[in-house]
Amino acid sequence: MSPLDVTALRRDFPALHQEVNGKQLVYLDNAATSQKPRAVLDVLASYYQEDNANVHRGIHELSRRATVAYEEAREKVARFIGAADPAEVVWTRGTTESINLVANTWGLDVLKAGDEILLSVMEHHSNLVPWQILAQRTGARLRYIELDDEGKLLLDDLPQLLSDRTRLVAVSHISNALGTINPVKEIVAAAKRVGALVLLDGAQGVVHTKLDVQDLGADFYAFSGHKMCGPTGIGVLWARRELLEAMPPWQGGGDMIEFVERDTSTWAEVPHKFEAGTPNIAGAIGLGAAVDYLAAVGMDAIAAHERNLVTYAMERLAQIPGLRIYGPRDPVERSAVLSFTLGDAHPHDISTILDSEGIAVRAGHHCAQLVMKRFGLAATARASFYLYNTRAEADRLVEGLETVRSIFG
Ligand SMILES: Cc1ncc(COP(=O)(O)O)c(C=O)c1O
């Protein structure tokens, strides 16, 4: 595997080359959203400048071009995630909408009082709240896999948590708040033993690892384009074709029907059955360009670069007195997210001081309030790395944190 030429690759990302508060920007908020390479920006501009038209419904040339590009993007994403069929790729607005789609179709159709959904305490709110709403509507019960002190799932509890009442196990592939990489194949195998379906929140998963949805063996995989070099407002729900075919539609409208009568309608084939209304055409095409970009760089090379960088950053941060990193201690068990606290400094103050040094990190509960509660915290600061980050930037983070320490004593 060839190492990344990060210097060359950084030239592809215009937003990285700017000063913030008089300092060269260090962008370490990638778990929230990534920067976009020129290949994605160019495809968005050329789509709107040359091909803009609505898809599927027009016979004219521009509509034909837009439709071809839009469906080609679906094929690219299907290849990128190892799907058996492009029809298994449903376009959504992002991870949140993908999970809500499953809750509102499969969930409302199948769940009844007494059924159980197994979640984990590590989940992002978008993989919690839709299930809470569904449980309130159906009488289903939510159960939780707890976390150990390193922020790893306590999988030894699975035999007590899973039973023939479990209809769904919904867990994250990689935690956005702790960086923990979950052993999802093990979870899938345990769920299958009791006949439960598995939904993986892949918002942080597909970004950092080479994904093969068929190999993982889950039933649903949800992710967002904007965290993987693509545009905002586009994401994917992947599910096995027969499952999608058995699920009722969610939103009704144009493009999702076959025939419409006064009182009833019949549905379009999957995936269109789940794509009512004018979709985010440019977004889908942009995500197609993003996966082309990531595939050309090489997901294995990206993962190796990130591991190297996070190992280095963890070693350096560990030398700062009073700094505590949450999540697995072994870099092999974590992705490129470093959640930390520094003495008594409030994470918002840490982030503000770093911002004055041109360093972008996030502070807050990271939409994972159950994680914060588990560790007795209100918030953490979070530095998250991606393919274009460097050791020099990790050094800038350490220098910035020394400034924080000098202010807070
Ligand atoms: C693990 C995880 N799940 C879900 C989401 C929600 O993604 P989106 O806001 O793109 O729908 C995020 C975003 O931060 C995330 O990190």
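Computed from a prediction, not measured in an experiment: that's the story for all the values here. In listed order, ligands and their atoms are each counted from 1. Basis for what follows: all heavy atoms, side chains included, without hydrogens, waters or symmetry-related copies.
- Of all the heavy atoms of Ala203, the ones lying under 4.0 Å from any atom of ligand 1 belong exclusively to the side chain.
- Taking every heavy atom of Ser224 and a limit of under 4.0 angstrom, the matching atoms of ligand 1 come to 7 (O), 8 (P), 10 (O), 11 (O).
- Within the 4.5 Å cutoff, side-chain heavy atoms of Tyr70 are placed close to those of His56.
- Those atoms of ligand 1 with a heavy atom of Asn176 less than 4.0 angstrom away are 1 (C), 16 (O).
- Given atom 11 (O) of ligand 1, the protein heavy atom at minimum distance is Thr96 OG1, 2.6 Å.
- Between Asp201 and ligand 1 there is a heavy-atom distance shorter than 4.0 Å.
- Relative ring orientation between His125 and His365 is described as tilted, the plane-to-plane angle lying within the 30° to 60° band.
- In terms of protein heavy atoms, atom 13 (C) of ligand 1 is closest to Lys227 NZ, 2.6 Å.
- Side-chain contact between Val102 and Trp131 is present, with heavy atoms from C-beta onward closer than 4.5 Å.
- When the options His366, Glu97, His226, His124 are ranked by their closest heavy atom to atom 15 (C) of ligand 1, first place goes to His124.
- Heavy atoms of Ser126 come nearer than 4.0 angstrom to ligand 1 in at least one pair.
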For a side-chain contact (heavy atoms from CB on, under 4.5 Å) check, start with the C-alpha distance between Val90 and Glu275, then their side-chain angles and the critical distance, and finish with the verdict.
CA-CA 7 Å; Val90 179; Glu275 295 176 351; 4.0 Å; yes

Ring pair (Phe, Tyr, Trp, His ring centres under 6.0 Å) for His124 and His366? Distances and angles first, verdict last.
CA-CA 8 Å; His124 187 283; His366 315 298; 9.8 Å; no

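- For ligand 1, the atoms closer than 4.0 angstrom to any heavy atom of Gln204 are 1 (C), 15 (C), 16 (O).
- You'll find the ring centres of Tyr326 and Phe375 inside the 6.0 Å limit.
- A ring-centre distance under 6.0 Å is found for Phe13 and Tyr293.
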